[in-house]
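Below you will find the structure I want to go over with you.
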Amino acid sequence: MSRANESKESPSGESAARQLQRLRRLSRTMDSRFRLPGTDMRFGLDPIIGLIPGVGDWIGAGISAYPIVVARRLGLPGHVQLRMGWNVLLEATVGAIPLLGDVFDFGFRSNKRNVDLLERALVKRGLIDPPTKSKG
């Protein structure tokens, strides 16, 4: 990361790169922290929280809305924030359907989608450097 980009901060005083790093950790925790034994399938806390009858999917949606708050603080375009909101709403709504929703929660991963959207918008705005592709 270049020094110029490290110094760009949100109104909260934290650099965009640092906020993105924190949101990546949240995304991994919510979407892919655990692995099903004997498989390559990963899941996070989101589908587990979604199992709480009646409110689980909405609790997960509340947590998943945090990257939208960060996008707003960083002054990212409204269309990016709307797309992020759509991802959270879709996961919460479909997630509330018994059985089908649990399968959907397991695979949709709105948190990862939203962090990816946020990262692309930050790169486009010049707030962070583009990610480097690692080989292998």
Side-chain angles (χ1 to χ4, degrees):
M1 174 131 341
S2 71
R3 287 194 174 268
N5 287 342
E6 286 179 11
S7 66
K8 294 183 181 175
E9 297 179 350
S10 74
S12 70
E14 187 176 23
S15 75
R18 198 152 168 88
Q19 290 182 69
L20 179 62
Q21 182 181 27
R22 188 168 22 89
L23 291 174
R24 280 189 186 126
R25 282 193 306 271
L26 175 65
S27 172
R28 277 191 298 275
T29 299
M30 293 299 287
D31 289 343
S32 61
R33 174 73 172 94
F34 310 107
R35 185 177 58 83
L36 280 177
T39 72
D40 288 332
M41 296 177 70
R42 301 194 69 81
F43 65 98
L45 292 178
D46 196 28
I48 295 170
I49 293 169
L51 294 173
I52 300 170
V55 297
D57 291 297
W58 298 108
I59 292 170
I63 295 167
S64 295
Y66 181 64
I68 303 168
V69 172
V70 172
R72 179 146 180 90
R73 276 193 218 143
L74 291 170
L76 296 182
H79 72 274
V80 173
Q81 295 174 50
L82 283 172
R83 179 63 191 261
M84 293 169 77
W86 170 253
N87 287 340
V88 172
L89 181 64
L90 181 64
E91 186 170 46
T93 303
V94 176
I97 300 169
L99 296 176
L100 171 66
D102 297 322
V103 172
F104 186 77
D105 271 350
F106 192 80
F108 185 68
R109 301 176 188 223
S110 69
N111 296 288
K112 179 178 181 342
R113 290 170 187 263
N114 285 346
V115 169
D116 291 347
L117 282 168
L118 187 110
E119 181 176 36
R120 285 193 302 271
L122 290 173
V123 168
K124 190 172 183 179
R125 287 267 168 127
L127 294 173
I128 63 169
D129 290 329
T132 56
K133 300 281 183 185
S134 60
K135 295 187 179 190

Quiz item: Do Ile97 and Val88 belong to the same hydrophobic cluster, where Ile, Leu, Val, Met, Phe, Trp and Tyr are linked whenever their side-chain heavy atoms lie under 4.5 Å apart, directly or via other members?
Solution: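 Ile97 and Val88: separate clusters.
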Quiz prompt | Test item: Asn114 side-chain N/O and Met84 main-chain N/O as donor-acceptor pair under 3.5 Å | solution =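 Checked: pair present.
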Self-check item: Where Asp105 and Gly95 come nearest, the two heavy atoms and their spacing
Solution: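 Looking at all heavy atoms of both residues, the shortest contact is OD1-CA, 3.8 Å.
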Name each donor-acceptor pair under 3.5 Å that joins a side chain in residues 61-69 to protein atoms two or more places apart or in another chain, with its distance.
| unit_1 | atom_1 | unit_2 | atom_2 | d |
| --- | --- | --- | --- | --- |
| Ser64 | OG | Gly60 | O | 3.0 |
| Ser64 | OG | Asn111 | OD1 | 3.0 |
| Ser64 | OG | Asn111 | ND2 | 3.3 |
| Tyr66 | OH | Arg22 | NH1 | 2.8 |

Practice problem: For Leu90, check side chain to side chain contact (heavy atoms under 4.5 Å, CB included) against everything at least two apart and list the hits. | Solution: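 Per chain and number, Leu90 pairs via side chain to side chain contact (heavy atoms under 4.5 Å, CB included) with Trp86, Val94, Phe104, Phe108.
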Quiz item: Listed by chain and number, what are the side chain to side chain contact (heavy atoms under 4.5 Å, CB included) partners of Val55, not counting sequence neighbours?
Solution: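 Once residues adjacent in sequence are excluded, the partners of Val55 under the side chain to side chain contact (heavy atoms under 4.5 Å, CB included) criterion are Ile52, Ile59.
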Exercise. Under the side chain to side chain contact (heavy atoms under 4.5 Å, CB included) rule, collect the residues that match up with Thr29, sequence neighbours excluded.
Key: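 In terms of side chain to side chain contact (heavy atoms under 4.5 Å, CB included), with neighbours along the sequence ignored, Thr29 is linked to Leu45.
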Quiz item: Checking Arg42 side chain against Leu36 main chain: does a donor-acceptor pair fall under 3.5 Å?
Solution: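 Not confirmed, Arg42 side chain does not pair with Leu36 backbone.
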Quiz item: When you look at CZ of Arg72, are more than 12 heavy atoms from neighbouring residues, nucleotides or ligands closer to it than 6.0 Å?
Solution: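 Incorrect, the count does not exceed 12.
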Quiz item: Is there a path from Met30 to Phe106 through hydrophobic residues (I, L, V, M, F, W, Y) whose side chains come within less than 4.5 Å of each other?
Solution: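 Met30 and Phe106: one cluster.
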Exercise. Write out all pairs satisfying salt bridge (charged side-chain N to carboxylate O under 4.0 Å, His left out) with one or both partners inside residues 107-121, taking only residues at least two apart or from two chains.
Key: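 For residues 107-121, and leaving out neighbouring residues, the salt bridge (charged side-chain N to carboxylate O under 4.0 Å, His left out) pairs sorted by first residue read Arg24-Glu119, Lys112-Asp116.
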Quiz item: When hydrophobic residues are tied together by side-chain contacts of less than 4.5 Å, even through go-betweens, does Ile48 share a cluster with Met41?
Solution: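 Shared cluster, yes.
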Exercise. Measure the spacing between CG of Leu117 and CG of Leu82 and express it to the nearest 0.5 Å.
Key: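 These two atoms lie 11.5 Å from each other.
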Practice problem: Would you list the pairs meeting ring pair (Phe, Tyr, Trp, His ring centres under 6.0 Å) in which at least one residue belongs to residues 22-41, sequence neighbours left out? | Solution: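 For residues 22-41, and leaving out neighbouring residues, the ring pair (Phe, Tyr, Trp, His ring centres under 6.0 Å) pairs sorted by first residue read Phe34-Phe43.
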Quiz item: For Leu74, does its backbone N or O pair with a side-chain atom of Arg125 as donor and acceptor, under 3.5 Å?
Solution: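 It does not hold such a pair.
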Practice problem: Apply the test side chain to side chain contact (heavy atoms under 4.5 Å, CB included) to residues Gln19 and Leu118: give CA-CA distance (whole Å), side-chain angles for both, the deciding distance (0.1 Å), then the verdict. | Solution: CA-CA 10 Å; Gln19 290 182 69; Leu118 187 110; over 6 Å; no
Quiz item: Can you check whether Leu76 reaches Leu122 side chain to side chain, under 4.5 Å on heavy atoms?
Solution: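 Yes, close enough: below the 4.5 Å cut-off.
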